[in-house]
Chemist: 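My structure is below; once you've seen it, I'll send some questions.
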Number of protein chains: 2
Amino acid sequence: MTRSATTQPQARAVHRRAALLDAAAALLAEGGSAAVSHRAVAQRAALPLAATTYYFASRDELIAEAFGRLVDHELAFMRETGLDDLMDGLAGRDRAQQLGLWELYLHAGREPGVLRTHARRWSEGCQAVVADLLGVPVHDPRAQLLYSAMCGVWLAYIVDGRPLDEVRQLLRLATEAATRPS
Amino acid sequence: MTRSATTQPQARAVHRRAALLDAAAALLAEGGSAAVSHRAVAQRAALPLAATTYYFASRDELIAEAFGRLVDHELAFMRETGLDDLMDGLAGRDRAQQLGLWELYLHAGREPGVLRTHARRWSEGCQAVVADLLGVPVHDPRAQLLYSAMCGVWLAYIVDGRPLDEVRQLLRLATEAATRPS
DNA sequence: AGTAAACTAGTACGCGCGTACCAGTTTTTG
DNA sequence: CAAAAACTGGTACGCGCGTACTAGTTTACT
């Protein structure tokens with residue numbers, strides 16, 4: 001009975017940790033990694049400041065884990081939509097969140113730590129989805145090519161605010177180019 | 001005589017402003033926009049702290065102008081190397097500086113101010129270079145496509161540290177795909 | 001020559017930050 | 001039941017930051 005009866009406190013702790021990560025991810029999307037501070041996270045999760053330092057050894061760790069969570073969600077989303085229509089998958093997503101994701105991806109380029117792992121996980125996951133869409137093996141150059149083109153188009157859409165029609169057309173073109181036998 | 005004799009002080013001021021911008025750009029490359037603080041810039045330029053607030057209304061303005069300068073340099077470099085060999089142009093550049101550039105590009109996506117202008121100037125400048133290389137008009141979809149692919153490959157190289165050989169091959173593939181008549 | 005404008009440089013204010021600390025409570029363990 | 005471990009939450013420290021202020025110096029204009 002003492003066992004699994006009412007493990008209330010630990011359950012609460014797990015919930016709290018998750019709440020902190022959710023808050024961090026949300027802040028990340030809203031204002032980039034600069035917006036993710038202990039205080040901001042705690043306040044958003046409606047928890048005391050000290051909770052953040054208790055559950056995470058440092059701010060970097062908190063950010064890294066939030067990044068990982070964001071990557072998970074993003075990959076899951078991409079897989080489930082199947083990307084039959086790449087564009088709707090792109091256009092429907094929160095622009096700020098995409099920005100945050102990319103920002104962290106770049107940030108990962110500066111330090112070879114955990115962030116780098118998540119970054120690789122993301123890019124390779126995306127590439128796998130694309131390869132699946134194309135019906136070719138994951139490391140097929142055509143998949144890599146299409147994925148690269150998608151990145152460029154994606155960024156142009158998110159940052160430069162390129163019109164959706166142009167993006168749509170470009171993506172179609174890229175798919176054709178990658179599909180066409182060389 | 002009073003005229004252009006020894007306009008020393010203004011000349012010094014101009015020089016100082018440039019020195020501050022250079023310092024800011026260098027810091028930007030080293031540690032991202034977070035590393036660009038009034039104090040850090042002043043110290044690096046060997047100038048008193050107050051100089052930064054005198055020549056620039058705010059930190060944002062300083063960063064924006066440094067970004068513009070970085071974009072100028074980058075575009076000039078790309079044009080002068082002609083990109084006969086895209087790869088050597090890519091591989092020879094300072095990785096950290098590229099990261100800083102991209103970081104600011106992303107940051108521009110969050111605010112529609114001056115940063116956005118520079119960001120557009122950069123992406124369109126790059127695209128123009130690519131179009132020139134391909135021998136097609138600037139807004140030709142093929143140029144856009146190749147540029148997009150280049151962005152993706154570029155990022156993979158800078159952030160993920162993808163091997164140069166793979167990048168080289170991918171770029172060749174992209175060029176072929178864009179060149180081939182549709 | 002003399003007034004206004006440009007420039008220099010030191011210093012101070014207030015704030016938010018990461019993190020450490022610690023006295024409490026609760027839960028698990030032996 | 002007692003001791004240990006997990007957890008809570010309030011508070012404090014020290015720091016670097018953006019920016020404002022001010023007194024002094026130099027240069028440009030009439």
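Given the structure is predicted, the values throughout are model-derived calculations rather than measurements. Every chain is numbered from 1, with letters handed out A, B, ... down the list of sequences.
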Chemist: Sequence neighbours left out, what pairs pass salt bridge (Lys or Arg N to Asp or Glu O under 4.0 Å) with at least one residue falling in residues 21-45 of chain A?
Modeler: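 Non-adjacent pairs meeting salt bridge (Lys or Arg N to Asp or Glu O under 4.0 Å): A/Asp22-A/Arg69, A/Glu30-A/Arg44.
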Chemist: Which atom pair, heavy atoms only, marks the closest approach of A/Met78 to A/Cys126?
Modeler: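 Of all heavy-atom pairs spanning A/Met78 and A/Cys126, the closest is SD-SG, 3.7 Å.
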Chemist: Could you tell me whether A/Tyr157 and A/Trp154 have their ring centroids closer than 6.0 angstrom?
Modeler: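 Judged by ring-centre distance (under 6.0 Å), A/Tyr157 and A/Trp154 do not meet the cut-off.
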Chemist: Could you check whether B/Arg121 pairs with B/Asp72 (Lys NZ or Arg NE/NH1/NH2 to Asp/Glu carboxylate O, under 4.0 Å)?
Modeler: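 A salt bridge is present here (some side-chain N lies under 4.0 Å from a carboxylate O).
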Chemist: Is a side-chain N or O of B/Arg59 found less than 3.5 angstrom from the main chain of B/Val36, in a donor-acceptor match?
Modeler: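 Present.
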Chemist: Please tell me which of the listed nucleotides, D/dG9, C/dA9, D/dC7, lies nearest to the side chain of A/Ala13?
Modeler: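 Closest of the options to the side chain of A/Ala13: D/dC7.
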Chemist: Give every residue pair that meets the ring pair (Phe, Tyr, Trp, His ring centres under 6.0 Å) criterion with at least one member in residues 23-60 of chain A, sequence neighbours excluded.
Modeler: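 Qualifying pairs, neighbours excluded: none.
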Chemist: Does A/Arg12 put a side-chain nitrogen or oxygen below 4.0 Å from OP1 or OP2 of C/dT27?
Modeler: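 False: A/Arg12 side-chain N/O out of range (4.0 Å or more) of C/dT27 OP1/OP2.
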Chemist: Between the side chains of A/Arg79 and A/Glu74, is the shortest nitrogen-to-carboxylate-oxygen separation below 4.0 Å, so that they form an ion pair?
Modeler: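 Here A/Glu74 does not pair with A/Arg79 in a salt bridge, since their nearest N and O are not under 4.0 Å apart.
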Chemist: Distances under 3.5 Å only, N/O to N/O: pair up the protein atoms with those of nucleotides 19-24 of chain D.
Modeler:
residue, atom, partner, partner atom, Å
D/dT19, OP2, B/Arg59, N, 2.9

Chemist: Is the shortest side-chain N/O distance from B/Arg17 to OP1 or OP2 of C/dC7 below 4.0 Å?
Modeler: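 Answer is no, no contact under 4.0 Å.
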Chemist: How would DNA chain D look in dot-bracket form, 5' to 3', counting Watson-Crick and G-U wobble pairs with both distances under 3.5 Å and writing | for bases paired to another strand?
Modeler: ||||||||||||||||||||||||||||||
Chemist: Under 3.5 Å, which N/O atoms of the protein pair with N/O atoms of nucleotides 22-25 of chain C?
Modeler:
none

Chemist: OP1 or OP2 of D/dT8 versus the side-chain N and O atoms of A/Tyr55: is any pair under 4.0 Å?
Modeler: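 So the side-chain polar atoms of A/Tyr55 do come within 4.0 Å of the phosphate oxygens OP1 or OP2 of D/dT8, strictly under.
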Chemist: By ring-ring contact (aromatic ring centres under 6.0 Å, His included), which residues pair with A/Tyr147, not counting sequence neighbours?
Modeler: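 Not a single residue meets the ring-ring contact (aromatic ring centres under 6.0 Å, His included) criterion with A/Tyr147.
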